[in-house]
Amino acid sequence: MKKKVVLAMSGGVDSSVAAALLVEQGYDVIGLFMRNWEEEDGGGHCTAEADYDDVKNVCNLLNIPYYTVNYAKQYKDKVFKYFLEEYAKGRTPNPDVLCNREIKFGPFLTQAYALGADYIATGHYCGIVRKNGFTYLTKAADKDKDQTYFLNQLSQTQLKDVMFPLENMVKNEVRAIAEKYGLSTAKKKDSTGICFIGERNFREFLSNYFPNHKGDIVTIDGKVVGEHIGLMYYTIGQRRGLGLGGEKENQNRWFVVEKDMTNNRLIVSHGDESVLDSKALFATEINWIPKVSEESEFECFAKFRYRQEEQKVKVKLEEAGDKAYVEFDTLQRAVTEGQYVVFYNETDCLGGGVIDKVFK
RNA sequence: AGGGGUGUCGCCAAGCGGUAAGGCACUAGACUUUGACUCUAGUAUUCGUAGGUUCAAAUCCUGCCACCCCUG
């Protein structure tokens, strides 16, 4: 009896190739397409349609069944609500980390099991290893595409039956396989932007949810140099979008140093960037994979944002590992509250948590 | 009212008779399953304005306008 795998298909190359590989490996594959975002601003919801068309094409070519599910409500309640709340607090959230925890490995998992899945698969670039009764999340073979950062919040239960068919693949190979199979997605551009919402003018998008609350842009010394359109539109270390020109004595680019929520002021500087450096952070809501360390203090590596080199850090656990102080080996630029700190050793993703406070 | 100074792209700012540097902003791409960062490219037929001198003016001359100082 063939093992049944339910695969999350987005209509991109990665999940398309994952489907082909699973079929090749002799699994009984079912494709599931998620539609989690209802357009509210009139604009084209045609992308989701086009993506679903690709899913259909690929599934028909591979001769596997496919279904579509809609978790727009769950997405809104569990991901988007948090996203807006965080912005309202002046933080910079990472909705995609939650999207994985709450949707792709939430209702989707349930649905997959309901369809009789033995395994659940996605087109993520990351690996999975099972030993000693635990499931480990490992880094992808393609170091450049590694997506473990976004999966740092997954529990053992969620990972239990997960497969990542692309774990040993490099992007080029994936493209090549797509070509070989003649998949309609072979040359499709990688999708970017917030998961399910897609790439868009971020400022314009946020403006649908927040009133413009203008205020002063001031330098560290308190000199007013401009006007901002609302603090939620900016994030620490940001340069573009400030609209600030050069000054006679200092022609360097301006950047955001801090968001003063109480006074509705955006603090900026230019030139010396060391004001953005920090030496430690305090993280909350930490999820450890596969389980919390037995030592309350240890060294490992960490990333403070996706696509960053891993940094050497020292972790000091608090509250049974739910929270932690993380000290950096070297100063880090623009570590931002609301983002995730994700821990690694040489081979595995050890989990991660929300950056709640940053220490300079 | 008198004396001095300044007016070059949204912001700074070179140029000072030979046919508009540069930086920042901005725009567009690249990169990217968050937001950022980063990278590449583009961006003044025109120099406050009206005349004049000259083969040739942002650069010289004159009037006017605006702004900034100082003196009353």
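What's counted below: heavy atoms across the whole structure, side chains too, no hydrogens, waters or symmetry copies. Residue numbers begin at 1 in each chain, while the letters A, B, ... track the order of the sequences. This one's a predicted model, so the numbers in the text were calculated from it and none came from an experiment.
Only the P atoms considered, B:U59 is 13 Å distant from B:U8, to the nearest whole Å.
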**Asked** Under a 3.5 Å cutoff on both atom distances, Watson-Crick or G-U, what's the dot-bracket for RNA chain B ([ ] crossing, | other strand)?
**Response** ((((((((.[[[..)..(...]]].(((((.......))))).....[[[[[..)....]]]]]))))))).
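Listed by first and then second residue, the salt bridge (Lys or Arg N to Asp or Glu O under 4.0 Å) pairs involving residues 81-93 of chain A are A:K81-A:E85, A:E86-A:K89, A:E86-A:R91, A:R91-A:D356 (not counting sequence neighbours). Listed by first then second residue, pairs satisfying ring-ring contact (aromatic ring centres under 6.0 Å, His included) with a partner in residues 239-277 of chain A read A:W254-A:H270, not counting sequence neighbours.
Map A:R203 and A:K145 each onto its nearest nucleotide of RNA chain B; the residue landing nearer the 5' end is A:K145.
Nucleotide B:A36 holds its C1' atom 16 Å from the CZ atom of A:R91, rounded to whole Å. With rounding to whole Å, A:D142 atom CG is found 10 Å from B:U32 atom P. Taking atom OH of A:Y209 as the reference point, atom C1' of B:G35 lies 16 Å away to the nearest angstrom.
The stretch residues 217-236 of chain A touches RNA chain B through A:T235, A:I236, each having a heavy atom under 4.0 angstrom from the strand. Contacts between residues 329-360 of chain A and RNA chain B, defined by a heavy-atom separation below 4.0 Å, involve A:R333, A:T336, A:Q339, listed by number.
Every ring pair (Phe, Tyr, Trp, His ring centres under 6.0 Å) that A:F33 has, sequence neighbours left out, goes to A:Y52. By the ring pair (Phe, Tyr, Trp, His ring centres under 6.0 Å) test, A:F328 is found to be paired with A:F304, residues two or more places apart in sequence or in another chain being considered. Remark: A:Y125 engages no residue in a ring pair (Phe, Tyr, Trp, His ring centres under 6.0 Å) (not counting sequence neighbours). A:R130 is linked by a salt bridge (charged side-chain N to carboxylate O under 4.0 Å, His left out) to nothing, counting only residues two or more places apart in sequence or in another chain. Residues passing the ring pair (Phe, Tyr, Trp, His ring centres under 6.0 Å) test with A:Y306 are A:F150, sequence neighbours excluded.
Residue-level contact check: A:D146 touches neither bases nor backbone, having no heavy atom under 4.0 Å from any strand. Across all strands, A:G241 comes closer than 4.0 Å only to sugar-phosphate atoms, never to a base (heavy-atom distances). Residue contacts for A:Y306: at a heavy-atom cut-off of 4.0 Å it reaches a base atom on one of the strands shown. Within the nucleic acid shown, A:Y87 comes within 4.0 Å of sugar-phosphate atoms alone, with no base atom in reach, counting heavy atoms only.
Proximity of A:R239 to the phosphate of B:U38: a side-chain N or O atom is located under 4.0 Å from OP1 or OP2. A sub-4.0 Å separation between OP1 or OP2 of B:U33 and a side-chain N or O of A:K104 is absent.
Here the straight-line distance linking atom CG of A:N172 with atom NZ of A:K145 works out to 10.5 Å at 0.5 Å rounding.
The pair A:R239-A:E273 meets the salt-bridge criterion, since a charged nitrogen lies less than 4.0 angstrom from a carboxylate oxygen. By the 4.0 Å N-to-carboxylate-O rule, A:K143 lies too far from A:D146 to be salt-bridged with it.
For a distance-only test at 3.5 Å, the side chain of A:Q238 fails to qualify as a donor-acceptor partner of the base of B:G35. Side-chain atoms of A:Q251 and base atoms of B:C12 include a donor and an acceptor less than 3.5 Å apart.
Among the nucleotides B:U34, B:C24, B:C31, the one closest to the side chain of A:Y149 is B:U34.
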Under 3.5 Å, which N/O atoms of the protein pair with N/O atoms of nucleotides 39-44 of chain B?
none

Between the protein and nucleotides 9-11 of chain B, list every N/O to N/O distance that falls short of 3.5 Å.
from, atom 1, to, atom 2, distance (Å)
B:C11, O2', A:G246, O, 3.2
B:C11, O2, A:G246, N, 3.1

